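Let me begin by presenting the structure, written as structure tokens, before commenting on it.
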Amino acid sequence: MTQTVIFTFNSRPFTGYRGEILAAALRRGGIVALGVSAVDGTPRGAFCLMGSCQECLVLVGGVPRNACRAVVDDGLCVTSIAPLGGGS
């Protein structure tokens with residue numbers, strides 16, 4: 001993975017490597033919370049990192065995907081399913 005690409009998360013630009021796991025690229029960019037719990041509003045992020053727990057569910061190009069199973073590509077548009085507060 002050597003080609004650096006630009007993608008967005010909640011309209012903020014991030015860099016990553018084409019083909020790397022989205023959850024890893026976001027973590028390296030300082031993003032831990034990918035959304036919030038629908039039950040109590042607590043932050044949610046990558047937990048199992050194998051697609052089983054659904055804690056890292058985000059919208060990738062408008063389609064629900066686990067961030068631990070999606071790969072980074074140039075121009076990828078990623079958003080939280082439940083809006084995050086300003087601190088993430």
Side-chain angles (χ1 to χ4, degrees):
M1 291 186 284
T2 58
Q3 185 178 10
T4 302
V5 295
I6 305 292
F7 67 98
T8 62
F9 177 67
N10 290 341
S11 300
R12 272 182 56 199
F14 288 88
T15 58
Y17 298 106
R18 184 182 306 274
E20 88 173 302
I21 299 302
L22 177 59
L26 288 168
R27 180 64 185 107
R28 193 176 55 257
I31 300 296
V32 177
L34 302 175
V36 296
S37 168
V39 176
D40 61 7
T42 56
R44 302 319 236 178
F47 180 70
C48 75
L49 296 172
M50 59 187 217
S52 296
C53 73
Q54 306 293 307
E55 292 295 311
C56 65
L57 197 63
V58 293
L59 295 176
V60 177
V63 178
R65 299 279 313 273
N66 290 330
C68 68
R69 307 279 293 171
V71 294
V72 173
D73 201 357
D74 196 37
L76 192 70
C77 180
V78 183
T79 56
S80 299
I81 290 182
L84 290 167
S88 295

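On a predicted model such as this, the values are computed, not experimentally measured, just so you know.
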Look at the side chain of D74 and the backbone N and O of I6, then say whether any donor-acceptor pair between them is shorter than 3.5 Å.
yes
What are the two closest non-hydrogen atoms of C56 and L34, and how far apart are they?
CB-CD1, 3.5 Å
Is it the case that one hydrophobic cluster holds both V60 and V5, taking links as side-chain heavy atoms less than 4.5 Å apart, direct or via other members?
yes
Listed partners of R28 passing salt bridge (Lys or Arg N to Asp or Glu O under 4.0 Å), at least two apart:
E20
Donor-acceptor pair, side chain of D40 and main chain of T42, under 3.5 angstrom
yes
How far apart are the closest heavy atoms of A25 and V72, and which atoms are they?
CB-CG2, 3.8 Å
So CZ of R65 and CG of L76: to nearest 0.5 Å the spacing works out to 9.0 Å
OH on Y17 to CG on D73, rounded to 0.5 Å
15.5 Å
Which pair of non-hydrogen atoms, one from F7 and one from G16, has the smallest distance, and what is that distance?
CE2-N, 4.0 Å
Ignoring hydrogens and geometry, is there a side-chain-to-backbone donor-acceptor pair from T8 to C77 under 3.5 Å?
no
Could you state the interatomic distance from CD1 (I81) to CD (Q54), rounded to the nearest 0.5 Å?
9.0 Å
Spacing of OG belonging to S52 relative to CZ belonging to R69, to within rounding of 0.5 Å
8.0 Å
Looking at every non-hydrogen atom in both residues, tell me the closest pair between C53 and F47 and how far apart they are.
SG-CB, 3.7 Å
Could you grab the distance from atom CG of L59 to atom CG of N10, nearest 0.5 Å is fine?
9.5 Å
Between N66, V78, V71, which is the residue that forms a side-chain contact (heavy atoms from CB on, under 4.5 Å) with L22?
V78
Shortest non-hydrogen separation from A67 to I21 and the atoms involved
O-CG2, 3.5 Å
Evaluation steps, side-chain contact (heavy atoms from CB on, under 4.5 Å), between R44 and V36
CA-CA 5 Å; R44 302 319 236 178; V36 296; 5.6 Å; no
Where I31 and R12 come nearest, the two heavy atoms and their spacing:
CD1-NH1, 3.7 Å
